[in-house]
Structure formats: C-alpha cells, structure tokens
Amino acid sequence: MEPTGDGLKVAYQVGRQIPPHLLLLHRSMCLTRFPVKGCPGAYSEAAAKKAYPSCQTVPCEYFETAFQAVEACVADRAVLPLENSLGGSIHRNYDLLLRHRLHIVGEVRLAVRHCLLANRGVKIESLRSAMSHPQALAQCEQTLTKLGIEHREAVDDTAGAAKFIAEQKLQDTAAVASSLAAELYGLDILAENIQDDSDNVTRFMMLAREPIIPRTDKPFKTSIVFSLEEGPGQLFKALAVFALRKINLTKMESRPHKKRPLRVADDHCSVPLKHFDYLFYVDLEASMADPNAQNALGNLKEFATFLRVLGSYPTDLS
C-alpha cells in the first residue's frame, strides 16, 4: 500500500512493504531548491547548508510561503526552525505542520552564535537599539542590557535586520545576526557570541511532499500529533501506550485545537468555565519501521479523537 495523504500511518502501521518504484523514486530524487525563512545570511540558510551542502536556498519572507513552495512543487524541501534551546518552540510552525500536508523527513541541529553587527565606524557606546528576530533578541537579552543597549526592535528575521541597518546606514542601531550576515551586508562585528547561554542550539526540520522510508538500522525519531476526549486520565492513558512499550518521548507540545470551539465545563459553578481543547505534538525515539512503535500508535488510535504521523526520520546526533 502506498503512503497516502495521512502520512506514514497507513503503510507503516500495518507493516506492509513499500512498492519498489517508490523506493527507487526516493533514492533518485534530485534535491536542489530549498526555501528557507529569512534573507541570505539567516540561520535557516546555514542549517540547510549543513544538512545539504550542495542545495540552492531560496529566501522566503514568511514561514507559510516555504510550506506553499514545497506543496506547489516549486521547491524540493523546506528547512524551517522548530525549537531553540533558549527561546523554546516556534509555535507558528507547529500550527503550519497541521494546516499543510507536508512530511518531516529530517532534522538538523545548528549551534547558533549571535553577533552584534553595526555599520563601519560605529562604536558600541553609541548604540541605543538592537534589531533582530524576537527569538534572537530574547536569547541575548542579558548581554544586550550589560552592553547598555536598552531598546529592542523586533523584525521578521536576523539577516533582514542586518540588511536593513546596512541599507539605511543607521548609526545608533545594531543587528543581532550571524557573522555571515556581517560579511554579506558589509557590517562590522562589534561583539561575537553574545547569546546569554553558550549552549544555544536551534533544531530545524526538513519538510517534503512525500515521506521517507523509515529504517531500524540507525536512530530514528517519529513526530505525531493527536487529540483526546475530555476526561480524567486521558492524557495519562495516551502517554502510557509509549511507556508500557519502553518508547522514550523527547518532546511534548500542546496547542489549542483551532477547529474546535471552547468547551464549557463545570455546570455546577455559578459562572460556567470555558476551556480549550488541545492538540498534543509528541516526538518519539522510535522508527515507524519498528513494530513496537506501530503497536503503540495502533493502541493510541483506539481512543484518540485524531491522530496524524507528521514524519519518521533520522535523528541528528551531531
């Protein structure tokens, strides 16, 4: 049975063989164009080059544009951030994973080394403002304060901040961006490694129109999303299907279920309480080629109100 729009679950949960022509397709696919969020010099571009050194990156202004480019066959794969060790999850991309029908086919971890960039001749003492993506500003908050830069200005991406400062020839504003952005836009690096924690890593996901074929000969990760009926112990029951099979969970993220209205609860209160229904995004240390993982998802499907496999892909151990 070929993988369907529901992702991997039909083919992999029942343990059927993938047709040879699909295997050949995946092995011979030529990957060239990768949409990434941000201007040239953005960290997404560096992540794409780390994963696929020979790829051609295509800058996108919005995350959704990258999803749409792959869906429309304009590009082969998208490389987008999912979480940062300091700033946390990029919730927008979790929501877009559900809205679009792409599959996670890989991940890459990139050590993020922020730099303070300014136009030639500008000194740190003359800076009044720092401009960057909100996540980058949050990751450098303490350092910027120590440098006496109190004002923050959030923009769409780090490299875009560097480009804007160079084009506008700003003398009192610096960009928080990569050393590559400094090189591309002719800026001076006033300070390096300005993130508040040296262990600053962003995890990026690779997205494609078709899933890859999972394996068991090397570490794999599987990402899923599901929802549950309301009731005591439902989430505990869902997590137990993995614990009982000794499947480790590496991440769990909950997001409001936007297609379901607020739920009214506790009829005995004078003022009825309204609660969100939630979607749960979970990463498993397991491959969908493993019968143990297939059985766990089969068990979860028995009582989940919704279940979708977002991808089963090699774990980045770098």
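Worth knowing before you read on, the calculation uses all heavy atoms, side chains too, and leaves out hydrogens, waters and symmetry mates. Bear in mind that the values here come from a model prediction, so they are computed numbers and not experimental data.
The minimum heavy-atom distance linking Leu117 with Ala177 is given by the pair CD1-CB, 3.8 Å. The minimum heavy-atom distance between Ala286 and Ala293, with the atom names listed, is CB-CB, 4.0 Å. Of all the heavy atoms in Asn119 and Leu187, the pair that sits closest is OD1-CD2, 3.4 Å. When every heavy atom of Thr158 is checked against every heavy atom of Ala42, the shortest pair comes out as OG1-CA, 4.2 Å. Ala47 approaches Val79 most closely through the heavy-atom pair CB-CG1, 4.1 Å. Contact between Asn93 and Pro81 at its shortest, heavy atoms only, is ND2-O, 2.6 Å.
Hydrophobic clustering (ILVMFWY, side-chain heavy atoms < 4.5 Å, transitive): Ile124 and Met131 are in distinct clusters. Linking ILVMFWY residues whenever their side-chain heavy atoms come closer than 4.5 Å, directly or via other members, leaves Ile165 and Val176 in distinct clusters. No path of Ile, Leu, Val, Met, Phe, Trp and Tyr side chains, each step under 4.5 Å between heavy atoms, connects Leu239 with Leu244, placing them in separate hydrophobic clusters. In this structure, Val105 is a member of the same hydrophobic cluster as Val36, with clusters built from ILVMFWY side-chain heavy atoms closer than 4.5 Å. Hydrophobic cluster membership differs between Leu110 and Ile194, with clusters built from Ile, Leu, Val, Met, Phe, Trp and Tyr side chains linked at under 4.5 angstrom.
In this structure, Ile212 and Pro314 have side chains that are in contact, with non-hydrogen atoms separated by less than 4.5 Å. Side-chain contact between Ile90 and Phe63: present, with at least one pair of heavy atoms (C-beta onward) separated by less than 4.5 Å. Here the side chains of His133 and Gln139 are not in contact, with every heavy-atom distance at 4.5 Å or above. Contact annotation: the side chain of Pro211 never approaches that of Ser312 to less than 4.5 Å [non-hydrogen atoms, C-beta and beyond]. You'll find the side chain of Lys246 stays beyond 4.5 Å of the side chain of Asn292, heavy atoms only. Leu144 has its side chain within reach of Leu137: a pair of non-hydrogen atoms, C-beta onward, lies under 4.5 Å apart. Side-chain contact between Val282 and Phe226 is present, with at least one heavy-atom pair separated by less than 4.5 Å. Side-chain atoms of Phe303 and Gln234, non-hydrogen and from C-beta on, do get closer than 4.5 Å to each other.
Residue Leu80 holds its CG atom at 12.5 Å from OG1 of Thr202, rounded to the nearest 0.5 Å. Atom CD of residue Gln294 and atom OG of residue Ser287 lie 8.5 Å apart, to the nearest 0.5 angstrom. Here CG of Leu102 is found 6.5 Å from CZ of Phe67. Values are rounded to the nearest 0.5 Å. Going from atom CD1 of Ile189 over to atom CD of Glu183 covers 9.0 Å, rounded to the nearest 0.5 Å. Summarising the geometry, atom CG belonging to Leu127 is positioned 6.0 Å from atom CG belonging to Leu116; distances are rounded to the nearest 0.5 Å. With rounding to the nearest 0.5 Å, the separation of CD in Gln135 from CG in Asn200 is 9.5 Å.
A distance-only check finds no donor-acceptor pair linking the side chain of Arg33 to the backbone of Val58 [under 3.5 Å]. A donor-acceptor pair under 3.5 Å is formed between the side chain of Arg209 and the backbone N or O of Val70. Under the 3.5 Å distance criterion, the side-chain polar atoms of Asp197 are matched with a main-chain donor or acceptor of Asp199. Listed for the Asn299 side chain is no donor-acceptor partner under 3.5 Å among the backbone atoms of Asn295. No donor-acceptor pair closer than 3.5 Å links the side chain of Lys221 to the backbone N or O of Asp316. Remark: side-chain polar atoms of Thr216 are not paired, donor with acceptor, to backbone N or O of Asp290 under 3.5 angstrom. Judged by distance alone, the side chain of Ser254 and the main-chain N or O of Tyr278 form no donor-acceptor pair under 3.5 Å. Judged by distance alone, with hydrogens and angles left aside, the side-chain atoms of Asp172 form no donor-acceptor pair with the main-chain N or O of Ser129 at under 3.5 Å. Looking only at distances, a side-chain donor or acceptor of Gln171 sits under 3.5 Å from a matching main-chain atom of Lys169.
Counted within 6.0 Å of CD on Gln142, heavy atoms from surrounding residues, nucleotides or ligands total 12 or fewer; the atom is thus considered open.
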Show, in sequence, the C-alpha distance, side-chain angles and deciding distance for Leu97 and Ile104, and conclude whether the side-chain contact (heavy atoms from CB on, under 4.5 Å) test is met.
CA-CA 9 Å; Leu97 278 171; Ile104 304 176; 4.1 Å; yes
- Task: Given side-chain contact (heavy atoms from CB on, under 4.5 Å), test Leu284 with Leu249 step by step and report yes or no.
- Result: CA-CA 5 Å; Leu284 324 172; Leu249 307 185; 3.1 Å; yes
Could you walk me through whether Tyr43 and Asp157 satisfy the side-chain contact (heavy atoms from CB on, under 4.5 Å) test, starting with their C-alpha distance in whole Å, then the side-chain angles of each, then the deciding distance to 0.1 Å, before giving a yes or no? CA-CA 9 Å; Tyr43 291 106; Asp157 72 277; over 6 Å; no
Inset, instruction - For the pair His114 and Gln195, evaluate side-chain contact (heavy atoms from CB on, under 4.5 Å) and give the outcome as yes or no after the intermediate values. - result: CA-CA 6 Å; His114 292 306; Gln195 59 278 353; 3.8 Å; yes
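Relative to the six-membered ring of Tyr185, Lys163 misses at least one condition, a distance below 6.0 Å or an angle of at most 45° to the axis.
The aromatic rings of Tyr281 and Tyr94 lie perpendicular to each other, with more than 60° between the two planes, well past the 30° mark.
The residue from Arg203, Lys251, Glu83 that alone fulfils the side-chain hydrogen bond (donor to acceptor under 3.5 Å, both in side chains) condition with Ser89 is Lys251.
Between the side chains of Arg152 and Thr145, at least one donor N or O sits under 3.5 Å from an acceptor N or O. A donor atom on one side chain and an acceptor atom on the other are found under 3.5 Å apart for Glu64 and His100.
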